[in-house]
Amino acid sequence: MVTAYSATGNVNLAREVFGGTPKGMRDTVFYNAMITAHSHDNDGNAAIRLFCEMQRDGFRPDNFTFTSVISAVGLVAESEKHCQQLHCVVVKSGTGFVTSVLNALVSAYVKVALSPLVALPKCAKLDDARLVFNKMRVKDLVSWNAMLSSYVNSGRMNEAKEIFQEMPEKNLLTWAVMIAGLAQNGLGEESLKLFNLMKLQGFQPCDYAFAGAITSCAALGSLKSGRQLHSQLIRLGFECSLSAGNALITMYGRCGVVGDARNLFLTMSFVDSVSWNAMIAALGQHGHGVQAVELFEEMLKEGILPDRITFLTVLSACSHAGLVEEGHRYFDAMHDIYGITPGEDHYARMVDLLCRAGKFSDANDMIGKMPFQPGPQIWEAFLAGCRNHGNMELGIQAAERLFEMIPQNDGTYILLSNMYAAKGLWDNVSRVRKLMRDQGVKKEPACSWVEAENKFHVFMVDDTAHPEVNAVYSYLKQLVLEMRKLGYVPDTRFVLHDMESDQKEHAISTHSEKLAVAFGLLKLPRGATVRVFKNLRICGDCHNAIKYISKVVGREIVVRDGKRFHHFKDGECSCRNYW
DNA sequence: CTAGGGTTAG
């Protein structure tokens, strides 16, 4: 009965049945079932209390007891201590060689390593897990999968790949974990390759594997593969899967087609808070702040409780659409009505919102009100806002803080250098660049890509590697002539080096996003929307230039940069010049 | 009768 209630997620009923049973009528199995119920309910403390209680009542824990209670300690405070204690008890009890017990122990050490409740050293805990794993005499598939997901969850993909190779056998879960892991760690192409390999080896991908592959498409911007995966899902009858559906919402959003995301969201038969969050985020990233806020209000009306991620997405949506009032209201409601304590990330969104709107002193007040010291996220938001408004003094202050906190971050140097360059202060630009060199900081190379003729075409600045780059350059030249007639003047302030002005114009005309846009215009069907993706923020001159291009060619151009989407149409951009 | 790997949202 306890197990039945627990399996249906009804822990309270399970607890009632358990409590209503007199001690004389309980046995070890009965205790085990209740400990498991607590563990599945993520209530580690209750599981541990019951574990102690059964021993006081004179029952000796067996293999089942240990596996359950060990799997429950990961989420409680002091889990590290519990973990080691239980490890000792297990060894003393003589069950230290039982595979299932050790499997639970491996996962428990990993949970400790990943727990926000436990202080350093996290790596050491992960290596403890590996030690237990290495010493196991008999490893089964569960052991290998546990070790694999440990590395995946801690982002240690090289070790994960080794485990994946070494495993004597694999099941659906193995593939799903690896595909999702590669997707989340920025290895989308490898993830999609693995998804295909999985099918070649005779496995029918489960919806988790699909979700991972779809996430890769979202990161890469591969609308074509994403749509293919969507139709495969429908053919296989997975269209009700929440994880796959939610991944699809994100994929459509991140590939630039919010309308498709919305259609899917509206037709999904089951949705949860993740679906709502994903949909609100998609609207926000495209600058549809008002719609994002409306959807959020609808979510509340439907009685779905917002979580900390909901508020992160709502606050960003407000920020990108300049909804200052609403942002303030939701920030207060988060704590006052929904009892969620704002974290540094929430404050950072508020600072972003205020700075973007030019309200620097309000942003400073906000920082002053924080119950903790401002970290990098706060000053990054501040600096970006200063750059947008050309506020030199405050920008320099924010940059100084960032140099102290994260000297290796290339973004700080670039933002500051851009700010000086915009004012023509070339001495300062070269000073920042020297500082960057002295610190050994390398700028992440900018690249843009576009999907055409069934594959991705990647362009770097001043690209010479792409086989059709000459056609791209001559088409761009032609475009610029037309653009100049409409009033386009290249804005060479966005060139970081000081050089002769004709050189500057050349440098700026070969930025990767311009090349990718031109290539898309050449290769995609006449009139089709061009969707370009860039790893970093879009450059100011490119932003201006693409506005003109959209007017000259009479087509819609969508650019996803590192921060958000820009929809260019008829010479205007949806971001209203804030990015 | 009871146990040990996973997913999607920022």
Side-chain angles (χ1 to χ4, degrees), chain A residues 1-4 6-7 27-37 39-40 61-72 74 95 98-108 110-111 133 136 139-153 163 167 170-181 183-184 205-215 218 238 241-251 253-254 261 265 268 271-282 284-285 306-317 343 345-346 348-349 377:
Chain A
M1 190 63 94
V2 168
T3 311
S6 157
D27 63 359
T28 305
V29 173
F30 197 55
Y31 278 99
N32 289 350
M34 193 61 224
I35 290 173
T36 308
S39 157
H40 288 175
D62 63 5
N63 296 344
F64 291 98
T65 323
F66 282 126
T67 26
S68 303
V69 76
I70 289 172
S71 82
T95 54
V98 177
T99 302
S100 64
V101 174
L102 292 174
N103 288 344
L105 199 56
V106 169
S107 321
V110 175
K111 282 183 203 152
F133 177 80
M136 286 174 71
K139 298 184 182 80
D140 62 9
L141 190 50
V142 177
S143 327
W144 285 95
N145 280 341
M147 206 57 234
L148 178 72
S149 47
S150 314
Y151 283 130
V152 165
N153 289 333
I163 292 280
M167 297 176 68
K170 299 174 175 59
N171 63 1
L172 280 178
L173 193 143
T174 317
W175 290 94
V177 166
M178 198 61 194
I179 290 166
Q184 284 188 325
C206 56
D207 62 336
Y208 289 130
F210 268 101
I214 293 166
T215 302
F238 280 141
S241 159
L242 258 181
S243 33
N246 292 343
L248 281 171
I249 294 176
T250 307
M251 186 276 292
R254 301 252 296 142
F265 177 73
M268 275 167 71
V271 288
D272 62 0
S273 64
V274 175
S275 327
W276 287 89
N277 290 350
M279 194 59 232
I280 294 169
Q285 285 159 1
D307 57 18
R308 41 181 308 110
I309 291 174
T310 316
F311 283 104
L312 283 177
T313 62
V314 170
L315 292 177
S316 320
D345 36 7
H346 294 102
R349 303 295 158 114
Q377 292 187 54

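Chain letters run A, B, ... following the sequence lines, proteins first, then strands; residues in each count from 1.
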Sugar-phosphate only, base, or nothing, as touched by A:Asp272 at under 4.0 Å among non-hydrogen atoms: nothing
Sugar-phosphate only, base, or nothing, as touched by A:Asp207 at under 4.0 Å among non-hydrogen atoms: nothing
Sequence-distant partners of A:Asp345, salt bridge (Lys or Arg N to Asp or Glu O under 4.0 Å), two or more places apart: A:Arg308
Sugar-phosphate only, base, or nothing, as touched by A:His346 at under 4.0 Å among non-hydrogen atoms: nothing
Where chain A begins and ends its contact with DNA chain B, read 5' to 3' at 4.0 Å from heavy atoms: B:dC1 to B:dG10
Sugar-phosphate, base or nothing in reach of A:Thr99, heavy atoms under 4.0 Å: base
Main-chain N/O of A:Asn32 paired to A:Thr36 side chain as donor or acceptor, under 3.5 Å: yes
Sugar-phosphate only, base, or nothing, as touched by A:Gln377 at under 4.0 Å among non-hydrogen atoms: nothing
Side-chain H-bond candidate by donor/acceptor type, A:Ser100 with A:Asn103, under 3.5 Å: no
side-chain hydrogen bond (donor to acceptor under 3.5 Å, both in side chains) between A:Ser39 and A:Ser68, intermediate numbers included: CA-CA 7 Å; A:Ser39 157; A:Ser68 303; over 6 Å; no
Closest heavy-atom pair and its distance - A:Ala247, A:Ala211: CB-O, 3.8 Å
Touch class at under 4.0 angstrom, heavy-atom based, for A:Arg254 against every strand present: nothing
Syn/anti state for B:dG5 [syn: chi within 90° of 0]: syn
Distance-only donor-acceptor check, side chains A:Asn246 and A:Ser243, under 3.5 Å: no
